[in-house]
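Just follow the structure's listing: the first ligand is 1, and inside any ligand the first atom is 1.
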Amino acid sequence: MTVLVTGGAGYIGSHTVLALAEAGEDVVVIDDLSTGFSAYLPEGVPLFIGDAGDENLLEGVIAQHDIESIIHFAGSVVVPDSMRDPLGYYRNNFTTARNLLNVAVKRGISRFIFSSTAAVYGNPDQVPVPEHAPTRPLSPYGSSKLMTEIMLHDVACAYGMQYVTLRYFNVAGADPQARIGLATVGATHLLKIAVEAATGQRAKIDVFGTDYPTPDGSCIRDFIHVTDLSQAHHSALAYLRNGGASTTLNCGYGRGYSVLETVDAVRRVSGRSFAVQYAPRRPGDIMTMVADTGRIRGLLDWRPQYEDLETIAAHALAWEDKLFRERHGELRHAVSA
Ligand SMILES: NC(=O)c1ccc[n+]([C@@H]2O[C@H](COP(=O)([O-])OP(=O)(O)OC[C@H]3O[C@@H](n4cnc5c(N)ncnc54)[C@H](O)[C@@H]3O)[C@@H](O)[C@H]2O)c1
Ligand SMILES: O=c1ccn([C@@H]2O[C@H](COP(=O)(O)OP(=O)(O)O[C@H]3O[C@H](CO)[C@@H](O)[C@H](O)[C@H]3O)[C@@H](O)[C@H]2O)c(=O)[nH]1
């Protein structure tokens with residue numbers, strides 16, 4: 001019984017592959033390495049380099065491995081890019097998933113876990129946001145994920161598939177042993193930018209908007225540690241294997257931190273000071289995004305371990321220090337599960 005992980009060489013995918021491999025699961029990965037890194041896969045995990053929407057490739061992988069479930073991470077993830085290139089985003093997020101589901105249905109693979117996003121909610125009417133809140137995405141990225149959610153639901157109803165759609169809130173941090181982490185060059189995530197500043201790779205960090213009607217004027221986010229999120233995937237798999245009904249789950253902790261609090265946490269754990277500049281609001285930003293986590297905590301046997309913001313910041317920083325030294329030729333990379 002093997003789990004097929006698409007996009008398994010990416011940031012969240014590689015942490016999930018590591019968690020599955022450490023739990024003794026058989027895993028195979030399909031990744032086109034457009035933003036992923038083959039070196040971040042544990043030794044012995046087969047990697048098929050190619051498009052997760054290539055039906056011939058998928059048929060070949062399924063012919064060689066006894067695939068029991070699919071976890072689908074592969075996709076394009078940068079919100080502003082999706083505004084410039086909506087067709088590219090609909091192709092890589094929606095059409096890829098459509099082809100993957102087509103092969104899954106043909107080959108009788110009946111368990112599917114899908115990476116969705118809090119971006120499907122758009123500006124929420126209520127915070128914390130429950131799963132039944134209205135979905136009003138503000139970007140083609142969010143729309144492409146919502147369309148895929150709807151397609152998955154329809155496919156599951158028609159062909160008897162069971163699925164879990166996981167809506168991630170703000171994913172951050174790195175493997176606590178710093179074996180892997182976020183390595184994307186030019187990443188735009190707040191915590192990544194802050195640890196780049198703390199490691200001297202940036203002169204300063206801009207805080208986009210300090211005039212919001214929040215306690216300190218900056219936006220508020222619900223950060224989830226990538227290792228806890230990877231464990232949520234394993235728990236979702238166990239839930240489906242136990243016959244759990246198809247469902248959609250928010251993935252966060254239900255606790256919001258402001259942008260300024262987050263930057264302060266990086267300053268504290270690093271003990272390094274860096275310049276913080278107040279900048280205008282970033283277009284399209286949602287003011288407050290915090291998950292209602294009642295459903296995931298009630299349905300899954302999931303025990304997050306790294307809910308503390310300083311722990312998330314410390315792990316992101318340790319990884320960034322290592323990545324910086326690797327990229328400057330002082331270290332070589334090796335992952336062992
Ligand atoms: N990082 C976040 O904060 C966040 C939040 C919400 C949802 N998500 C979703 O989680 C998933 C993983 O995101 P990530 O942050 O790890 O990004 P990432 O870019 O690190 O990972 C994506 C992986 O998919 C691969 N890929 C892309 N298109 C492919 C294709 N057509 N075929 C095969 N491989 C392909 C890339 O090479 C990469 O390894 C995405 O679906 C993303 O939309 C991420
Ligand atoms: O240099 C920076 C970077 C970010 N921010 C602010 O920090 C907050 C968080 O921004 P960011 O880390 O870019 O995340 P989001 O825009 O909240 O989006 C993330 O979280 C979404 C789910 O909630 C995912 O869908 C997206 O892919 C993911 O990037 C926002 O208020 C930004 O304006 C800054 O002030 N300065």
Side-chain angles (χ1 to χ4, degrees), residues 5-17 29-38 40-41 47-54 57-58 71-80 82 88-89 91-93 95-97 99-100 114-121 129 137-139 141-142 144-145 148 166-172 181-184 187-194 196-197 202 204-210 212 214 218-224 226 229-230 233 250-252 257-260 262-263 276-291:
V5 179
T6 73
Y11 171 48
I12 306 167
S14 62
H15 286 80
T16 303
V17 169
V29 170
I30 295 182
D31 198 300
D32 65 6
L33 302 183
S34 52
T35 56
F37 300 88
S38 55
Y40 296 169
L41 289 174
L47 166 65
F48 293 84
I49 300 175
D51 185 349
D54 175 344
L57 172 65
L58 290 164
I71 307 183
H72 180 44
F73 292 101
S76 303
V77 309
V78 183
V79 175
S82 78
Y89 270 67
R91 185 192 58 73
N92 204 34
N93 290 347
T95 310
T96 298
N99 294 354
L100 178 61
F114 172 55
S115 299
S116 191
T117 168
V120 299
Y121 294 117
V129 192
L138 301 176
S139 65
Y141 168 70
S144 68
K145 290 288 182 177
T148 306
L166 296 175
R167 291 180 178 160
Y168 312 155
F169 281 60
N170 286 65
V171 188
L182 180 55
T184 317
T188 55
H189 299 83
L190 174 64
L191 252 152
K192 176 78 173 173
I193 305 262
E196 284 177 357
R202 290 175 181 268
K204 63 170 172 72
I205 175 163
D206 287 324
V207 172
F208 300 131
T210 49
Y212 287 97
T214 58
S218 63
C219 291
I220 293 174
R221 293 292 183 272
D222 185 347
F223 295 96
I224 177 165
V226 66
L229 181 61
S230 67
H233 289 76
N250 283 341
C251 293
Y257 292 97
S258 76
V259 172
L260 287 169
T262 307
V263 172
V276 175
Q277 188 163 313
Y278 291 180
R281 292 182 180 194
R282 192 174 69 174
D285 268 347
I286 290 159
M287 180 174 72
T288 303
M289 188 51 94
V290 177

In the protein, what heavy atom is nearest to [atom], and what distance, to one decimal place, separates them?
| atom | answer |
| --- | --- |
| atom 19 (C) of ligand 2 | N170 ND2, 3.5 Å |
| atom 29 (C) of ligand 1 | D32 OD2, 3.3 Å |
| atom 32 (N) of ligand 1 | A52 N, 2.9 Å |
| atom 44 (C) of ligand 1 | I12 CD1, 3.6 Å |
| atom 3 (C) of ligand 2 | T188 O, 3.7 Å |
| atom 12 (O) of ligand 2 | L190 N, 2.8 Å |
| atom 19 (O) of ligand 1 | T35 OG1, 2.7 Å |
| atom 43 (O) of ligand 1 | Y141 OH, 2.7 Å |
| atom 25 (O) of ligand 2 | T117 OG1, 2.4 Å |
| atom 33 (O) of ligand 2 | D285 OD2, 2.4 Å |
| atom 37 (O) of ligand 1 | D31 OD1, 2.7 Å |
| atom 42 (C) of ligand 1 | V77 CG1, 3.3 Å |
| atom 8 (N) of ligand 1 | Y168 CD1, 3.4 Å |

Short N or O distance, I205 and ligand 2, threshold 3.5 Å exclusive = no
Return a yes/no value for F208: is any of its N or O atoms, backbone included, closer than 3.5 angstrom to an N or O of ligand 2?
-> yes
Go through ligand 1 atom by atom and flag the ones less than 4.0 Å from a non-hydrogen atom of [X].
| X | result |
| --- | --- |
| G50 | 32 (N), 33 (C) |
| S115 | 9 (C), 10 (O), 11 (C), 41 (O) |
| D51 | 30 (C), 31 (N), 32 (N) |
| G36 | 36 (C), 37 (O), 38 (C), 39 (O) |

H72 and ligand 1 - part of the residue with a heavy-atom distance under 4.0 Å | neither
Just let me know how S116 lines up against ligand 1, side chain, backbone, both or neither, with a heavy-atom cut-off below 4.0 Å.
-> backbone
Between Y89 and Y141, how do the two ring planes meet: parallel, tilted or perpendicular, split at 30° and 60°?
-> perpendicular
Could you check whether any heavy atom of [X] sits closer than 4.0 Å to an atom of ligand 1, since that is the contact criterion I want to use?
| X | result |
| --- | --- |
| H189 | yes |
| T6 | no |
| A9 | yes |

Distance under 4.0 Å to a non-hydrogen atom of [X]: what atoms of ligand 2 satisfy this?
| X | value |
| --- | --- |
| C219 | 31 (O) |
| D206 | 1 (O), 2 (C), 34 (C), 35 (O), 36 (N) |
| I193 | 1 (O) |
| V259 | 6 (C), 7 (O), 8 (C), 31 (O), 35 (O) |
| V207 | 35 (O) |
| Y168 | 22 (C) |

Heavy atom to [atom], shortest distance: which of [options] holds it?
| atom | options | value |
| --- | --- | --- |
| atom 12 (C) of ligand 1 | F48, F73, F37 | F73 |
| atom 2 (C) of ligand 1 | L191, V171, N170, L182 | V171 |
| atom 10 (O) of ligand 2 | R282, M287, E196, M289 | R282 |
| atom 27 (C) of ligand 1 | G7, G75, A183 | G75 |
| atom 28 (N) of ligand 1 | T96, N92, V5, N99 | N92 |

Which segment of R221 sits under 4.0 Å of ligand 2 when only heavy atoms are counted = side chain
Passing option when N93 is tested against S82, S115, S144, S116 for side-chain hydrogen bond (donor to acceptor under 3.5 Å, both in side chains) | S144
